[in-house]
Amino acid sequence: LEEALIFEIGDADTYGVDLPYTPTDLPGRMGKFTRKGEIGLPGLSEPQTVRHYTRLSRQNYGIDLGFFPLGSCTMKHNPRLNEKVARMPGFLDVHPMQPIDTVQGALGVIDELAHWLITLTGMQSVAMSPKAGAHGELCGILCIRAALEARGDARKVVLVPESAHGTNPATAAFAGYSTEDIPANKDGRVDLDALKARLGPDVAAVMITNPNTCGLFERDMKAISDAVHEAGGLVYCDGANFNAIMGRVRPGDLGIDAMHINLHKTFSTPHGGGGPGSGPVVLSEALAPFAPLPFVEKAKDGSLRLIEEENMEEHHASTFGRMTAFNGQMGMFTRALTYILSHGADGLRQAAGDAVLNANYILRQLEDVLHAPFGASGPCMHEALFGDAGFAEGFSTLDLAKGLIDEGFHPMTMYFPLVVHGAMLIEPTETESKAGIDQFIMAMRSLAQRAKDGDEALLTAPHHAPRARLDEAHAARKPRLAWSEPEG
Amino acid sequence: LEEALIFEIGDADTYGVDLPYTPTDLPGRMGKFTRKGEIGLPGLSEPQTVRHYTRLSRQNYGIDLGFFPLGSCTMKHNPRLNEKVARMPGFLDVHPMQPIDTVQGALGVIDELAHWLITLTGMQSVAMSPKAGAHGELCGILCIRAALEARGDARKVVLVPESAHGTNPATAAFAGYSTEDIPANKDGRVDLDALKARLGPDVAAVMITNPNTCGLFERDMKAISDAVHEAGGLVYCDGANFNAIMGRVRPGDLGIDAMHINLHKTFSTPHGGGGPGSGPVVLSEALAPFAPLPFVEKAKDGSLRLIEEENMEEHHASTFGRMTAFNGQMGMFTRALTYILSHGADGLRQAAGDAVLNANYILRQLEDVLHAPFGASGPCMHEALFGDAGFAEGFSTLDLAKGLIDEGFHPMTMYFPLVVHGAMLIEPTETESKAGIDQFIMAMRSLAQRAKDGDEALLTAPHHAPRARLDEAHAARKPRLAWSEPEG
Amino acid sequence: MRYLPLTDTDRTAMLEAVGAPSIDALFADVPSDLYLNGPVEGLPLHATEMAVEKHMRRLSKKNLAAADAPFFIGAGAYRHHVPASVDHLIQRGEFLTAYTPYQPEIAQGTLQMLFEFQSQVARLYGCAVANASMYDGSTACWEAVAMASRVTRKKRVVLSGALHPHYAEVVRTMAKFTEDEIAGSAPSLTALPDDDGLITRIDDNTASVVVQYPDILGRIPDLQKIADAAHAKGAKLIVVNTEPVALGALEAPGNLGADIVVGEGQALGVGLQFGGPYLGLFAITDPKLVRQMPGRLCGETVDADGKRGFVLTLSTREQHIRREKATSNICTNSGLCALAFSIHMTLLGAKGITGLAAENHRLACIAADRLAKVPGVTVLNENFFNEFTLMLDVDARQIVRDLADKGVLGGVGLGKLFPDIDGLKGGLLVTVTETASLEDIETLATTLEEVLP
Amino acid sequence: MRYLPLTDTDRTAMLEAVGAPSIDALFADVPSDLYLNGPVEGLPLHATEMAVEKHMRRLSKKNLAAADAPFFIGAGAYRHHVPASVDHLIQRGEFLTAYTPYQPEIAQGTLQMLFEFQSQVARLYGCAVANASMYDGSTACWEAVAMASRVTRKKRVVLSGALHPHYAEVVRTMAKFTEDEIAGSAPSLTALPDDDGLITRIDDNTASVVVQYPDILGRIPDLQKIADAAHAKGAKLIVVNTEPVALGALEAPGNLGADIVVGEGQALGVGLQFGGPYLGLFAITDPKLVRQMPGRLCGETVDADGKRGFVLTLSTREQHIRREKATSNICTNSGLCALAFSIHMTLLGAKGITGLAAENHRLACIAADRLAKVPGVTVLNENFFNEFTLMLDVDARQIVRDLADKGVLGGVGLGKLFPDIDGLKGGLLVTVTETASLEDIETLATTLEEVLP
């Protein structure tokens, strides 16, 4: 299972691309700036390249191999039609600056997807360009800041629940806000009274995740929104968990002003080992005018235009600026639209329902062997949350998670949300079959028992993975971040 | 690593294809013949399907994973450009019976590939329709029989060297010939004198493999051809080993009358776990008129025509018939042509040279530890042949081969050719890098030593494969060839 | 060269180890007057990937892809929508670049798939055992004929006149060499197949009767009746199916008395590909005859640790063991096509194949009714699945060309299939699958109206 | 629904186990007046794969694909031939459908690839450390500005006028919120970049100087000179590269005094995709500043058995640990694009990237010479790599549209990039990569001659 590095197997003479031209006399149009030394990049022939990456891939786990119960990450099946569509030459081989008449289909994809996102969420408009969820959050918060500034309102505080994703406070801080925690009640939900008590003229916004990171729907969401609005603030919703409620309730009806949508979670664009993401942000009427450039607009003749600095008109003047060089994650838009059209309004609604049913099934089948802190709070949404209470001395959530690898599953999300000790956040999504979930439940029951019994073998799991536990402290102590020739 | 059968995980209610129409009332245009009972086919949703086959694939070894030194099978790299080209809609989505004006590009591929095959082999024409190597052999032998019959010559014997592929005698027998062995000399080559002595008015043809299955070039090939021709017979060459000599010598110059070409060996179309193959047969002037339908011909106006029963003209009247419903393995033609154009005449020649160099390198690096029966016969061609002489009592070629699996390699061809005891036939092809071959040599040296030393662990190898040795006798004793519900 | 990993440095080092001065020297056994000292003349040199791709794209654009026209061609090769996941999965390197699974320890992926494939084909066909696939339907058909002659030790083969003429031609070609006697006939232009006429041709010397189901004119023969007649004479009934989707709606041949069922599997998973590679299906109802079957067979067994596993089995029938005594000279199956078929079938399941068949039949009925309204057009068939024959007053081949000139791929003229039989010239075989839209059907009808004289 | 494995039978059984009467009942926490009792209105229902594919194909055909026209557009996104093996490999399910590698024991594929990627980028850029990629070049550029301000504890940012205006706009937008002070300018229409003008704008308060290399007009600035000036004032030099292929021919920025090198990696492996997803590259020359870098980093370590392995490291910089104190709010890289870039770079190697750069430059020189002969056209640049500016007497935006009407994608009018600067309207930025043939260049020249007034 070992695979050497390209720097160890490749060399400067080998290559996997034929070129029509061999540089003998790089001519002088580059002035004095031509490269002098060796570039130091190893090459491989095509057969070696295919083998290297094929072998490497086999050291990875992916949804294609099995269950990926990663709470808050919505690891669902990535339909292969999406991949096929994204590779149609009319989508793959189009430049972002082509004349607008030659890209009406691309703008059509953006326009059609925007229509779906707006309609599903019950919002006014959507900013399509953000590159990922956190970028979308930033976009939303910048819209909020721009809107507040436009009315001359210099509020400085953003309220964030304790259970929020780390990106929430990071984003607020970046946008120049200080953040304060909102406490939770015993239920695992925002404490409405505490929130109301904190609201005031200094509060720019609250950032809420709904369904929240404990896997629960914020029952008081509408009341929260109303209270925030009444206090002159705006409501940001982290849309990471939209998969649980799509087609079941519209965030716009809950009073939300901005919410990013992770196309790579809810709408099945592949995670790809860490990206690319795509984070369009739906916006309420209050925020719509402040959305960043570029965006797609329908002209009177029915053709689609891309509004940029070049052709902005008066009604675009409130835009807060530009977040990225080009038009957003087009390749993800084609995939997400394909997914959406495949499911339709009925299929999306059913997917949300199945995802929630799967999570509740897991919650109820495991709560007798694992501590479920909010098990009594009623049905969960798309994820089931457990804690490590009852594990034997010295046994942790990490051990159980690594044990799961040996059972053929990807570990769940660990130690998040922070409000639960040794949290295990399990999100099955609608992708899993009942038989697959039953297998997972069996594995979890066995592991929970081993953690309670103090089975030592668990402490060194995984035993059947390409690697044993990796020494992360060693990596950080004296970071080795690029290959260099071994010494001596 | 276990993966259940689709019959165990699927059911009649699950499916992975949405249909616009649910059959409620299958109408009467099918008369009384509509299906009555359950069809008994299990379905899976798309996510389950992707997982099932992805997991299954991981129990396979392929060239993409490592060295595949399977002598006589020419397991070389399958370029990904070939796969891309084969999927262009103009090739993938074209019906074999479309009007001829709408398939000029498809006929162009056949015509262009035919030109290359004819030119590389120095022959007169090529029959493109055979579906695989053995089918091509059959085509060649049927051409020979048709040619002999056309001259009223009822010869009944085909001579085949002892070292021939099993398909050779099977093919000759099918075509109504009896076969006789040609002896080999100590060199591992055909005994020219013995052959000459056997020639006579009853000999229809000789079938020779060149380079032969001992990995040696038949030095006397031209003399053999001349002798056969003089005796009124024809010469069939098994082209399985053409990879060794392409661009280095033309079979037509060696007096050969018919030779099939395995596009899936020499020209890199993927083996796909056992096919599809593709076996065009190049033909000499003597045999060209007898080639089977259909074939591509250039009309006077430069357009291409497909000659079939419908539009045969007088000069096509000698055809021996039709071997397959349609136009041959078009999908393989596009891949092979892509491969050929990529290499060009220089690249093919270099590929043959590299393949031969690699084989000789292996031969010389192993002949001190493994018995090389023809090591003294001079350079080998594209494959190195060894025997099991010197292994400890009870240790066989099979054991060494299975041990190779544990070293990360596919086993070599075993027990073929039959003329060498415990034969191991190793064909590296041009695909392997020197570093890869050096690793293989190290593994082979270690295994040879273990087989000589009688290392018991070898007898139960492989130990690191998805399965231990499988019980083939058990499978044959009471064959279980289809799934059925477990009893009880 | 991008596919050749050896560098010149490597070559020099290896030549030194081998003790040869040059690569050319390794070819010393080739007579020097025949050895080529440079690239073969008259052929181009190596090319970049971009250049080759451009060249091949230019060729591909000279073809009219079926997706770019209203499309109604069948006659043995069928256009169905293939789910994107099928093509994704068959391109997994471990499937694509694997060899025949002779080393079962590292080939369980291919082997288990083949076992599943065999099981799927057996159920679809209503048979006990299916093999691991053959070249295509036409060669499978010949192999069935040969097997029936082996089993019955008789030599006379009765072919239905409505057997695909290319299949019949393959059988005739092969029979010339095996000296089987082929009793063929021309198809009769009747609304139902002439089953009785076929039955009268069966005699005591008959080894097999070959019937296509549905037949080349789209009609559905009464298999049970033919089977009974054949069996009464000691003959085997061979049923040929070229459209597996039909068996989602029609009774399985194995349930109607067929002894051997063969067919073309291309319709599921494989695509049109201008005729190949396709996928021969081969199954039998009597498991006792398995040792007489041609082609590879995959069977279940256990490994040394007792785990279930699969291997190629009964290979003593095959040529690499039996040499000239083999049941067939076939030594390749159509593995990758079998994989595509099997994945598509798994995605469909019982519900999907039934629904797909229903949708095909529904659209074909709509098309037949609509086309029957075109002046000068009669629908021949009383029964059909997704393919039927129109009778025109003119040579349908010219009509097909005229339709193509107007961008419609309208079917196959029977004159193309049966060039020797003048009476069939007016027949136009029209195929309607789920890929045809109602607009496509309307376009065919109106364009047909335009081009008919 | 083909993507949903639960059958109604499953749902019933699971609801029973959960103790809920229906799926709707699980949503009891949603206020009932807001809960939707059926599919969202005004949206279509689920569709077959075939129908969706047809719909999307129809949309795709409304675009003019670059392959179908002589193509000369660049300006921050470059069309290069991507080897087929790149796309094959990134579609391996284990890469495509993996999550961020937080479980390194089962993510060594992604992690080793990222380590290799980081190493490749560092070498291409002449830097010590590169991160595991960012969203795209423009956001990487802003992150570099923010990092320089963090490191220098200064707030003034000097932007070269010839920085891609979209990049400059992103920086300006972000700086509004961070209160960095942006000192921009308009580009000067000179044959060489106005390096001296830039240098005069650097003062002691300057945190960073941002220079594009080659610049938006295709010219090549003298980095070393600017670096020396910046360093003399305690400022960091940020070099932006939008065309990594250029670095196969040009000296690496890290070797010319750059402190931070950022860029767009799209040109290798990724394709045009109408603007995204792309791939931000980020590297630094001083490894001591690594803890101030944004984005994910992959580092080497060992596992419990002592085997080499890779992990994400130094994540204490990141938001999921540091929350509001993180170096950036970024929590996604562009993993799959990084993989594509890395595979393409591996296929190229030193020889390939050099040769590819040489071929681009050769064709660009030919094009510049040919276009200079078109009446009314002057070539602005004294130096360039594969992109240069033509000066016309009319608004180049209209010329671009006229060219497109004649099927030629001829470049980008500077008026589109710099709408506020009238003096730049006549500029036409033309990009020539290896995908342009000599015929394409000739077509551009003759069509340009036709459409020029």
Side-chain angles (χ1 to χ4, degrees), chain B residues 12 15-16 19 21 23 31 39-41 43 53 56-57 59-64 85 88-90 93 95-96 99 102 105 131-132 166 169-170 173 217 272-277 310 321-322 325-327 329-331 344-347 353 360-361 379 433-434 465 467-468 470 475 480 482-483, chain C residues 5 10 14 18 23 26 29 39 43 45-46 56 59-60 62-65 73 89 92-94 97-98 100 104-106 108-110 119 123 135 138 166 169 173 273-277 299-301 303-304 313 319-320 323-324 326 329 332 334-336 347 349-350 352 355 358-359 383 404 419:
Chain B
Y15 56 93
L19 290 162
Y21 179 69
I39 198 161
L41 287 167
Y53 290 99
L56 276 188
S57 78
Q59 304 193 16
N60 264 10
Y61 190 93
I63 317 159
D64 279 7
V85 166
M88 290 177 179
D93 195 19
H95 193 284
T102 69
K131 292 274 181 184
F217 189 84
E310 182 199 358
R322 173 183 280 274
F326 298 117
N327 317 320
Q329 307 289 62
M330 184 68 192
D346 55 334
N360 277 283
Y361 183 68
S433 67
K434 178 169 182 297
R467 288 289 180 288
L470 286 141
R480 190 168 150 77
W483 190 80
Chain C
D10 293 332
M14 293 166 80
V18 165
I23 287 180
L26 298 173
D29 287 327
L43 296 173
L45 303 186
H46 72 276
M56 296 303 289
L59 279 172
S60 83
K62 287 188 185 174
N63 298 324
L64 177 59
I73 309 181
L89 290 165
R92 295 267 311 166
E94 295 92 331
T97 73
T100 308
E105 298 87 355
I106 48 174
Q108 286 299 305
T110 294
S119 308
R123 288 180 177 222
Y135 300 144
S138 66
H166 287 178
E169 195 54 33
T173 297
Q273 301 194 80
F274 197 56
E300 185 178 321
T301 187
D303 78 355
T313 189
Q319 79 295 325
H320 65 280
R323 296 177 75 92
E324 69 276 10
N329 91 324
T332 310
S334 204
L336 203 64
L347 284 163
E359 174 69 357
N383 61 19

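Order of the sequence lines sets the chain letters (A, B, ...), proteins ahead of strands, with each chain counted from 1.
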Colleague: Measuring heavy-atom distances to chain B, does C/R92 have an atom under 4.5 Å in its side chain, in its backbone, in both, or in neither?
Modeller: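 Just the side chain, heavy atoms under 4.5 Å.
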
Colleague: Heavy-atom pairs under 4.5 Å with chain B are the metric here; pick the option from C/T301, C/N63, C/L45 that has the most.
Modeller: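 Looking at each option in turn, the highest pair count goes to C/N63.
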
Colleague: Between B/A475, B/G273, B/S433, who has the most heavy-atom pairs with chain C when the cutoff is under 4.5 Å?
Modeller: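 When all of B/A475, B/G273, B/S433 are compared, B/G273 has the most.
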
Colleague: Heavy-atom pairs under 4.5 Å with chain B are the metric here; pick the option from C/L64, C/N383, C/D29 that has the most.
Modeller: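 Maximum pair count with chain B is reached by C/D29.
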
Colleague: Specify which of C/A65, C/S119, C/P419 makes the most heavy-atom pairs with chain B at under 4.5 Å.
Modeller: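 Greatest number of close heavy-atom pairs with chain B: C/S119.
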
Colleague: Under a 4.5 Å heavy-atom cutoff, which of B/G62, B/G321, B/G272 has the most pairs with chain C?
Modeller: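 Answer, by heavy-atom pair count under 4.5 Å with chain C: B/G272.
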
Colleague: Could you tell me the separation between the CZ atom of B/F326 and the NE2 atom of B/H95, rounded to the nearest 0.5 Å?
Modeller: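 Rounded to the nearest 0.5 Å, the CZ-NE2 separation comes out at 6.0 Å.
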
Colleague: Might you point out which heavy atoms bring C/P104 and B/L470 nearest each other, and give the distance in Å?
Modeller: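 Closest approach of C/P104 to B/L470: CB-CD1, 3.2 Å.
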
Colleague: Mind ranking B/D346, B/I63, B/N327 by heavy-atom pairs under 4.5 Å with chain C and telling me who comes out on top?
Modeller: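 Going by pairs under 4.5 Å, I would pick B/D346.
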
Colleague: Can you say whether C/P39 sits under 4.5 Å from chain B via the side chain, the backbone, both, or neither, judging by heavy atoms?
Modeller: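 Both backbone and side chain of C/P39 come within 4.5 Å of chain B.
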
Colleague: Applying side chain to side chain donor-acceptor pair (under 3.5 Å), can you list everything that pairs with C/K62, at least two apart in sequence or on another chain?
Modeller: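 By the side chain to side chain donor-acceptor pair (under 3.5 Å) rule, C/K62 matches no residue at all.
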
Colleague: Under a 4.5 Å cutoff for heavy-atom pairs, which residue among B/G16, B/P89, B/G353 has the most contacts with chain C?
Modeller: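 It is B/G16.
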
Colleague: Considering only heavy atoms and a distance below 4.5 Å, find which of C/Q108, C/E300, C/H166 pairs most often with chain B.
Modeller: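 Option with the greatest count: C/H166.
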
Colleague: For B/Y61, what residues pass the side chain to side chain donor-acceptor pair (under 3.5 Å) criterion, not counting sequence neighbours?
Modeller: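 Not a single residue meets the side chain to side chain donor-acceptor pair (under 3.5 Å) criterion with B/Y61.
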
Colleague: For chain B, which of C/L43, C/D10, C/T110 has the most heavy-atom pairs under 4.5 Å?
Modeller: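 Among the listed options, the one with the most contacts to chain B is C/L43.
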
Colleague: Of the listed residues (B/G90, B/P99, B/A345, B/S57), which shares the most heavy-atom pairs with chain C below a 4.5 Å separation?
Modeller: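 Heavy-atom pairs under 4.5 Å are most numerous for B/S57.
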
Colleague: Taking atom OH of B/Y361 and atom CG of C/L26, what is their separation to the nearest 0.5 Å?
Modeller: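 Output value for this atom pair is 14.0 Å.
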
Colleague: Roughly how far, to the nearest 0.5 Å, is the CE atom of B/M330 from the CZ atom of C/F274?
Modeller: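 With rounding to 0.5 Å, CZ (C/F274) is 6.5 Å from CE (B/M330).
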
Colleague: Under the 3.5 angstrom rule, does the side chain of C/R123 hit a backbone N or O of B/G40 as a donor-acceptor pair?
Modeller: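 The answer is yes, because a donor-acceptor pair under 3.5 Å joins these two groups.
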
Colleague: Less than 4.5 Å apart, any side-chain heavy atom of C/L59 and any of B/M88?
Modeller: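 With C-beta onward as the side chain, the pair stays apart.
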
Colleague: Could you check which of C/M56, C/E105, C/E94 has the highest count of heavy-atom pairs closer than 4.5 Å to chain B?
Modeller: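 Top option by heavy-atom pairs under 4.5 Å: C/E105.
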
Colleague: Pick from B/P96, B/G344, B/G43: which one has the most heavy-atom pairs with chain C under 4.5 Å?
Modeller: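 Top option by heavy-atom pairs under 4.5 Å: B/P96.
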
Colleague: What distance do B/N60 atom CG and C/I106 atom CD1 have between them, rounded to the nearest 0.5 Å?
Modeller: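 The distance works out to 8.5 Å.
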
Colleague: What part of C/L89 is in contact with chain B, defined as an atom under 4.5 angstrom from a non-hydrogen atom: side chain, backbone, both or neither?
Modeller: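 Contact with chain B involves the side chain of C/L89 alone.
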
